[in-house]
Amino acid sequence: MAGLINFEDEKEVKQFLDNLGVEYSYQCYREKDPEGCQRLADYFEGVKKDYESTAQVLKHNCEVNGHGESCYKLGAYHVTGKGGVTECLKTAYTCFMKACHTKGKKSVDACHNVGLLAHDGRALEGGPDPVAAQQYYVKACDGGFAPSCFNLSALYIQGSAGVEKNMSLALKYAMRACELGHVWGCSNASRMYKLGDGTEKDDEKAEKLKNRAKELHGQQKEQQLKFGE
């Protein structure tokens, strides 16, 4: 059957993969296709394990084409200094910010990362910025990212400069985190209903949420066991 690759033939597979690299490179640099550039970056990273070339393509695709997924990955590279890029949380923050405001596969993850870096202040000149953290956690939570919903809940429980303590909002976001499968979101919401913190006391809801937390915890342990097999 002509055209099919014999994946048991090492030489044939190598030729096939080399051809893929040429094709993606053409798409990126000649056809100026941002998706082609992302495929080229994924190729260098996943197939060739050439992280310096990956970083170069990601930088090009983020800065020239404004491609959200490439900006997100470039940010991740700057967090650890992977691929020879400068290890710099400020640069990572800028990359995540671009990705957050660009609709794409990783935009929600990027918004969460902006929230994290604003929350702890390591990427900002003036230190922690709870207001910015709150804004970007909201964006990620609205996108269905459970950890952002949980972090929002924690932010409202603690209260800080610019973000007042608000137990009803803390409960709202703990419940949303729980709905999205976050164990500690369920646990915190259960406790708040048990104590009547930010809501009327409701032992029945507290028990249901506690059981949901136990269920999710059990599922996580089961998954960990499967990964360890």
Side-chain angles (χ1 to χ4, degrees), residues 17 20-21 24-25 27-29 32-141 143-152 154-155 158 160-163 177 182 184 224 227:
L17 292 175
L20 269 185
Y24 295 156
S25 183
Q27 291 172 359
C28 179
Y29 294 111
K32 302 188 186 306
D33 176 13
E35 290 299 329
C37 292
Q38 183 59 50
R39 285 190 285 271
L40 181 61
D42 290 341
Y43 168 81
F44 278 133
E45 183 180 61
V47 177
K48 292 296 187 181
K49 311 297 181 189
D50 181 347
Y51 302 115
E52 289 191 6
S53 294
T54 303
Q56 289 169 11
V57 177
L58 291 173
K59 189 174 190 298
H60 167 81
N61 207 26
C62 177
E63 294 180 355
V64 176
N65 299 322
H67 190 273
E69 190 176 350
S70 284
C71 291
Y72 174 80
K73 276 202 163 185
L74 182 62
Y77 269 45
H78 277 292
V79 169
T80 60
K82 190 173 180 178
V85 303
T86 307
E87 184 177 334
C88 179
L89 290 179
K90 289 180 183 178
T91 306
Y93 184 82
T94 301
C95 293
F96 291 141
M97 183 77 78
K98 284 183 182 178
C100 174
H101 291 284
T102 305
K103 289 184 179 180
K105 293 178 185 176
K106 291 293 186 178
S107 62
V108 171
D109 305 65
C111 293
H112 177 71
N113 285 0
V114 172
L116 284 176
L117 290 171
H119 200 167
D120 70 19
R122 287 181 296 160
L124 305 178
E125 293 287 349
D129 186 343
V131 174
Q134 184 258 353
Q135 291 172 345
Y136 284 95
Y137 285 150
V138 167
K139 285 176 74 70
C141 180
F145 201 79
S148 274
C149 303
F150 178 76
N151 287 4
L152 265 175
L155 203 57
Q158 295 162 358
S160 54
V163 181
H182 197 288
W184 293 108
Q224 287 170 0
F227 286 134

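- Between L155 and P130, the closest heavy-atom pair is CD2-O, 3.9 Å.
- Residues G84 and E52 come closest through the heavy atom pair N-CG, 4.4 Å.
- Summarising the geometry, atom NE2 belonging to H78 is positioned 9.0 Å from atom OG1 belonging to T94; distances are rounded to the nearest 0.5 Å.
- Shortest non-hydrogen contact noted between L124 and D129 is CD1-CB, 3.7 Å.
- Contacts classified as side chain to side chain donor-acceptor pair (under 3.5 Å) and involving residues 97-111 (residues at least two apart or in different chains) are given here: H101-Y136.
- Qualifying side chain to side chain donor-acceptor pair (under 3.5 Å) partners for E69, counting only residues two or more places apart in sequence or in other chains: none.
- Atom CE of M97 is separated from atom SG of C111 by 9.0 Å, given to the nearest 0.5 angstrom.
- Atom OG of S70 is separated from atom OH of Y77 by 10.5 Å, given to the nearest 0.5 angstrom.
- The aromatic rings of Y43 and Y24 sit perpendicular to each other, their planes meeting at more than 60°, with 30° as the lower class boundary.
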### Query
Given K73 and D42, is the side chain to side chain contact (heavy atoms under 4.5 Å, CB included) satisfied, shown in steps?
CA-CA 10 Å; K73 276 202 163 185; D42 290 341; 3.1 Å; yes

Sequence neighbours left out, cut at 3.5 Å: what donor-acceptor pairs do the side chains of residues 85-93 make with other protein atoms?
unit_1	atom_1	unit_2	atom_2	d
K90	NZ	E125	OE2	2.5

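- Smallest separation of non-hydrogen atoms from L74 and A55: CD1-O, 4.1 Å.
- Cysteines C95 and C71 have SG atoms no closer than 2.5 angstrom.
- Heavy atoms only, all atoms of each residue included: C100 and A110 are closest at N-CB, 3.6 Å.
- Taken from CG in L40 to CD in E35, the straight-line distance is 12.5 Å, to the nearest 0.5 Å.
- For the atom pair NZ of K32 and CG of N65, the computed distance is 8.5 Å after rounding to the nearest 0.5 Å.
- Nearest heavy atoms, A161 versus V131: O-CG2, 4.1 Å.
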### Task
Take N61 and Q38, measure what side chain to side chain contact (heavy atoms under 4.5 Å, CB included) needs, and give me the verdict at the end.
CA-CA 7 Å; N61 207 26; Q38 183 59 50; 4.1 Å; yes

### Task
Could you walk me through whether D33 and R39 pass the side chain to side chain contact (heavy atoms under 4.5 Å, CB included) test, one step at a time?
CA-CA 10 Å; D33 176 13; R39 285 190 285 271; 3.4 Å; yes

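- Every pair passing ring-ring contact (aromatic ring centres under 6.0 Å, His included) that includes a residue from residues 51-71 is listed here, sequence neighbours excluded: Y29-H60.
- For the ring-ring contact (aromatic ring centres under 6.0 Å, His included) test, residues two or more places apart in sequence or in another chain that qualify with Y72 are F96.
- Rounding to the nearest 0.5 angstrom, the gap separating the CG atom in D50 from the CD atom in Q56 is 8.0 Å.
- Annotation: side chain of H112 is not in contact with side chain of V108 (no heavy-atom distance under 4.5 Å).
- Pairs engaging residues 113-132 under the ring-ring contact (aromatic ring centres under 6.0 Å, His included) rule: H119-Y137 [sequence neighbours left out].
- A distance-only check finds a donor-acceptor pair linking the side chain of K49 to the backbone of G46 [under 3.5 Å].
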